[in-house]
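Step one of this worksheet: look at the structure below.
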There are 2 protein chains.
Amino acid sequence: MAAKAAPFSIERDRGTEQRILDAANTVFLRRGTAGARMEEIAREAGVNQALLHYYFRTKDRLAEAVFRHAAQQLLPSVIEILGSALDLDVKVERVVQLELEHLSRTPHLPGYILSELHQRPERARQLISAITGITPEEAGPRVLTALRRQIDERVKAGTMAAITPEQFVVNLISLCIFPFAARPMIMGVLGLDQVEFARFIEQRRRLLAPFFLRALRP
Amino acid sequence: MAAKAAPFSIERDRGTEQRILDAANTVFLRRGTAGARMEEIAREAGVNQALLHYYFRTKDRLAEAVFRHAAQQLLPSVIEILGSALDLDVKVERVVQLELEHLSRTPHLPGYILSELHQRPERARQLISAITGITPEEAGPRVLTALRRQIDERVKAGTMAAITPEQFVVNLISLCIFPFAARPMIMGVLGLDQVEFARFIEQRRRLLAPFFLRALRP
DNA sequence: GTCTATAACAGGATAGAC
DNA sequence: GTCTATCCTGTTATAGAC
């Protein structure tokens, strides 16, 4: 319980439990829950396997902790931004920048979340509340209501093509997240190596918001 | 080897091997390779576990067969369409219709493929050749060359906003595939049940191509 | 808290009868 | 070809010393 001071090294020691969590994060994100091995996590953390069970009773509980943490990372504040009072164009630009920037740093995240959700759809509920901190029943409607008002306004003014808020949201996050979730496929189809893929994403940060905004025009 | 006639039942017996393959398909697509259990596949196929090993030596070989089959289903002819000589607008419309229609029938497919590719990136190569029947080194360039020419033409004529063929392709397949790959997440965030999700996709079939084409205008 | 050793179990694979 | 019974390996989980 007592926080340990880091006597020498600059990067402070966050304790064994945290080291294990970090290792678990790495391994689960890479291999998926079913494919992850407790032994590999222990090795990655530089401790032995028994210690994992000391801190987190079972593999299931550890997986649970990792998923919860990961869920808070995907869509970091997308729902918050989209539900805010910002101008619609600004929302788009911010979501794009935030997501591409963030996912560039944690490229395994989308693949992991989608895999988990695909194999355990009941976790969707958990994902939503992790993102928003409120119940799933409220999060969606809140965002959609805000968007619907902004869209209606513009459509009436004739400055925007008709679109439902649902399609709006799905289009936007599809364009942001899919390239990372499908990274191996995209690298394969387009014949890119790692460096070229990174460049591709950089280019995308400049082109995506304008692309999306053009699609919104009447 | 001899095809069996179906003496009584109308649905003809496609043989045990095929029944096992179908069952394996169902289970692997639902649970992922690591999460799938031979026992569950046997039960699903209505045979016992030993028979799986009789037909397909190991779990790995069975998984291999399933992946190969699945790979041929995703992007059914997207690469072919995009690499063809069709008009650009027609390509977009056809890809959208083909993919949404097809994925509506096999909703687990994208999640499964992405999971596999995420955990075993080396399979990307196998995916590409399964799609195109030609080597990965040729498939990408072929499509991109065709698109680049069409895009350049239009941009010069001033009828289209500048975009690289790579971003063009990724945008298009992101918008088609992601909603299925992230189905549980989307249902959660938007608060949709199964029926409402199906309606959402129906709506998407009408709205997606126009949306995309608007984004292409100058 | 951390370790070594080992128990307990799950799941894939095989033997052999029919 | 198909089944039942069983083996065997890999993996999670616990006991107990330090």
Side-chain angles (χ1 to χ4, degrees), chain A residues 1-9 12-67 112 115-116 119-120, chain B residues 1-9 12-67 112 115-116 119-120:
Chain A
M1 218 53 192
K4 291 175 190 163
F8 295 104
S9 67
R12 70 191 213 77
D13 178 5
R14 277 132 76 248
T16 305
E17 180 167 3
Q18 189 59 45
R19 293 236 316 289
I20 292 173
L21 255 179
D22 290 348
N25 214 60
T26 305
V27 175
F28 276 111
L29 260 65
R30 197 164 48 208
R31 308 254 187 248
T33 298
R37 296 289 164 255
M38 296 295 271
E39 181 272 319
E40 188 179 359
I41 296 170
R43 187 158 26 88
E44 176 90 22
V47 300
N48 69 79
Q49 215 170 325
L51 216 48
L52 305 191
H53 289 94
Y54 174 78
Y55 283 103
F56 306 84
R57 205 62 187 164
T58 67
K59 179 184 176 182
D60 242 43
R61 284 174 189 272
L62 187 50
E64 171 70 21
V66 168
F67 182 80
Y112 166 74
S115 294
E116 288 303 303
Q119 279 144 39
R120 289 202 175 87
Chain B
M1 220 53 191
K4 292 175 193 166
F8 294 105
S9 68
R12 70 190 213 78
D13 178 6
R14 277 133 75 249
T16 304
E17 181 167 1
Q18 189 60 46
R19 293 236 317 287
I20 291 173
L21 255 180
D22 290 347
N25 215 61
T26 305
V27 174
F28 275 112
L29 260 66
R30 197 164 47 209
R31 309 254 187 247
T33 299
R37 296 289 164 255
M38 295 296 269
E39 181 274 317
E40 186 179 1
I41 296 170
R43 187 157 27 88
E44 177 89 20
V47 300
N48 69 78
Q49 210 171 328
L51 217 49
L52 304 191
H53 289 94
Y54 174 79
Y55 283 104
F56 305 84
R57 205 61 187 165
T58 67
K59 179 184 176 182
D60 242 42
R61 283 174 188 271
L62 188 49
E64 172 70 21
V66 168
F67 182 79
Y112 166 74
S115 294
E116 287 304 301
Q119 280 143 39
R120 288 200 178 87

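Note that the coordinates shown come from a computational prediction; the quantities given were computed from them, not determined experimentally.
A straight line from CD of B/Glu40 to C1' of C/dG12 spans 15 Å, rounded to a whole angstrom. With rounding to whole Å, B/Arg61 atom CZ is found 15 Å from C/dG12 atom C1'. Per the geometry, CD1 belonging to B/Ile41 stands 12 Å off P belonging to C/dG11, to the nearest Å. Between the C1' atom of C/dC9 and the CZ atom of A/Arg37 lies a distance of 14 Å, rounded to the nearest Å. Rounded to whole Å, atom P of D/dG1 lies 4 Å from atom OH of B/Tyr54. Between B/Glu17 atom CD and D/dT2 atom P there is a gap of 10 Å when expressed in whole angstrom units. Rounded to whole angstrom, the span from the CG atom of B/Leu52 across to the C1' atom of D/dC3 amounts to 13 Å. Between the C1' atom of D/dT12 and the CZ atom of A/Phe56 lies a distance of 16 Å, rounded to the nearest Å.
Between B/Tyr55 and the phosphate of D/dT2, there is a side-chain N or O to OP1/OP2 separation shorter than 4.0 Å. Contact annotation: B/Asn48 side-chain N/O to D/dT2 OP1/OP2 distance is not under 4.0 Å.
The two residues B/Arg19 and B/Gly46 make their nearest non-hydrogen contact at NH2-O, 4.0 Å. Annotation for B/Phe28 and B/Tyr112: closest pair O-CD1, 3.4 Å, computed over non-hydrogen atoms. Summarising the geometry of A/Ala42 relative to A/Asn48, their closest heavy-atom pair is CB-C, 3.8 Å, with the distance given to 0.1 Å. Listed here is the closest heavy atom pair of B/Ile20 and B/Ala45: CA-CB, 4.1 Å.
Residues forming a side chain to side chain donor-acceptor pair (under 3.5 Å) with A/Gln18 (at least two apart in sequence, or on another chain): A/Asp22.
Proximity of residues 20-36 of chain B to DNA chain D (heavy atom under 4.0 angstrom from any strand atom) is not detected for any residue.
The list of salt bridge (Lys or Arg N to Asp or Glu O under 4.0 Å) pairs with a residue in residues 46-55 of chain B, not counting sequence neighbours, is empty. Within the structure, salt bridge (Lys or Arg N to Asp or Glu O under 4.0 Å) contacts touching residues 36-50 of chain A (residues at least two apart or in different chains) are A/Arg30-A/Glu40, A/Arg30-A/Glu44, A/Arg31-A/Glu40, A/Glu39-A/Arg43.
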List every contact pair, protein side and nucleotides 13-15 of chain D side both N or O, where the distance is under 3.5 Å.
from	atom 1	to	atom 2	distance (Å)
D/dA13	OP2	A/His53	NE2	3.2
D/dA13	OP2	A/Lys59	N	2.8

Using residues 49-58 of chain B as the side-chain source, report each donor-acceptor pair under 3.5 Å to any protein atom, sequence neighbours left out, with the distance given to one decimal.
from	atom 1	to	atom 2	distance (Å)
B/His53	ND1	B/Gln49	O	3.4
B/Thr58	OG1	B/Asp60	N	3.4
B/Thr58	OG1	B/Arg61	N	3.2

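With A/Thr33 as reference, A/Glu116 is the one residue of A/Glu64, A/Glu116, A/Lys59 to meet the side-chain hydrogen bond (donor to acceptor under 3.5 Å, both in side chains) rule.
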